[in-house]
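None of the values given here were measured: they were computed from a predicted structure.
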Amino acid sequence: PQMVYAGAEEKGAALIQRKANEIAQQAETLKASGIQAGTIVQATVKEVYVSPRAIGLHLDVRGVRANLTTSNISHAPLNLEDMNKIFKTGDTIKALVQRVALARSQLTLSTKRLESTPGDMLRDPQM
């Protein structure tokens with residue numbers, strides 16, 4: 001026999017619906033922003049994050065959430081300690097939009113591609 005907690009299915013369905021609504025809202029915001037691949041944008045740091053797969057930054061670009069992983073920040077090596085020293089919540093940085101995925105309401109950003117020499121982004125995040 002399978003145990004089912006009272007209300008668990010409804011809570012799960014509500015969570016899925018809320019996430020779907022959030023993605024739809026983000027997609028509309030992204031579409032309305034006019035952000036296109038190949039443009040340079042100003043992004044505001046929301047936080048430094050650590051996930052099982054990556055370390056990076058959660059950013060806001062014209063009301064659209066974006067992530068920037070360490071592999072796209074600089075040609076120079078970068079670790080979590082460096083990230084916490086260099087980037088603070090509220091900082092503004094420039095980033096190149098590499099890809100816009102409307103269906104997933106996702107921006108792929110790079111600051112590494114803006115570096116003239118490896119490590120420029122680490123020395124001057126507002127470059």
Side-chain angles (χ1 to χ4, degrees):
Q2 184 179 10
M3 282 182 73
V4 177
Y5 294 100
E9 283 186 35
E10 291 84 12
K11 286 181 184 177
L15 181 63
I16 290 169
Q17 185 60 49
R18 189 168 49 242
K19 186 66 176 171
N21 290 343
E22 188 179 302
I23 290 170
Q25 175 71 37
Q26 278 288 303
E28 284 301 314
T29 302
L30 180 54
K31 190 174 180 181
S33 73
I35 297 170
Q36 296 180 354
T39 59
I40 296 174
V41 294
Q42 294 288 331
T44 303
V45 176
K46 294 298 181 188
E47 69 177 340
V48 174
Y49 74 88
V50 178
S51 75
R53 296 185 299 168
I55 298 171
L57 300 172
H58 284 148
L59 303 167
D60 178 86
V61 179
R62 299 184 202 164
V64 177
R65 283 189 311 252
N67 294 332
L68 182 60
T69 61
T70 54
S71 63
N72 283 314
I73 291 175
S74 179
H75 289 283
L78 185 62
N79 61 37
L80 180 59
E81 187 177 326
D82 296 332
M83 294 282 289
N84 285 314
K85 286 179 185 173
I86 297 167
F87 301 103
K88 304 291 182 218
T89 300
D91 285 354
T92 301
I93 62 171
K94 288 183 200 171
L96 175 68
V97 178
Q98 294 189 119
R99 193 179 72 173
V100 177
L102 281 176
R104 295 190 324 225
S105 66
Q106 186 178 56
L107 290 176
T108 302
L109 302 177
S110 174
T111 53
K112 175 166 78 173
R113 295 190 56 198
L114 299 176
E115 290 185 323
S116 300
T117 57
D120 282 350
M121 185 63 189
L122 308 182
R123 289 184 288 279
D124 182 11
Q126 281 77 35
M127 59 173 213

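Listed by first and then second residue, the side chain to side chain donor-acceptor pair (under 3.5 Å) pairs that reach into residues 86-95 come to none, sequence neighbours excluded. The list of salt bridge (Lys or Arg N to Asp or Glu O under 4.0 Å) pairs with a residue in residues 66-82, not counting sequence neighbours, reads E81-K85. Pairs passing the salt bridge (Lys or Arg N to Asp or Glu O under 4.0 Å) check and including a residue from residues 106-115, sequence neighbours excluded, do not occur. Applying the ring pair (Phe, Tyr, Trp, His ring centres under 6.0 Å) test to every pair with at least one member in residues 78-99, sequence neighbours left out, gives no pairs at all.
Scored by the side chain to side chain donor-acceptor pair (under 3.5 Å) test, S110 finds no partners at all (sequence neighbours excluded). Among residues two or more places apart in sequence or in another chain, the salt bridge (Lys or Arg N to Asp or Glu O under 4.0 Å) test is passed with R123 by D120. Partners of S71 according to the side chain to side chain donor-acceptor pair (under 3.5 Å) rule, which considers only residues two or more places apart in sequence or in another chain, are T69.
Atom CG of N72 is separated from atom CG of L78 by 11.5 Å, given to the nearest 0.5 angstrom. Within the model, atoms OG1 of T108 and CD of Q98 stand 7.0 Å from one another, a figure rounded to the nearest 0.5 Å. A distance of 11.0 Å separates CD1 of I86 from CG of D124, quoted to the nearest 0.5 Å.
When side chains are defined from C-beta on, I93 counts as touching L59, because their heavy atoms get closer than 4.5 Å.
Between T111 and I73, the shortest heavy-atom distance links the atoms OG1-O, 2.7 Å. Taking every heavy atom of both residues into account, P77 and L122 meet most closely at O-CD1, 3.8 Å.
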Could you give me the CA-CA distance, side-chain angles and deciding distance for V97 and L109, then say whether side-chain contact (heavy atoms from CB on, under 4.5 Å) is met? CA-CA 5 Å; V97 178; L109 302 177; 3.8 Å; yes

Between M83 and T70, is the side-chain contact (heavy atoms from CB on, under 4.5 Å) condition met? List the steps. CA-CA 8 Å; M83 294 282 289; T70 54; 3.8 Å; yes

Show the atom names and distances, to 0.1 Å, of all donor-acceptor pairs under 3.5 Å that link a side chain in residues 36-49 to residues at least two apart or in another chain.
from : atom 1 : to  : atom 2 : distance (Å)
T39  : OG1    : Q36 : O      : 2.7
E47  : OE2    : H58 : ND1    : 2.7

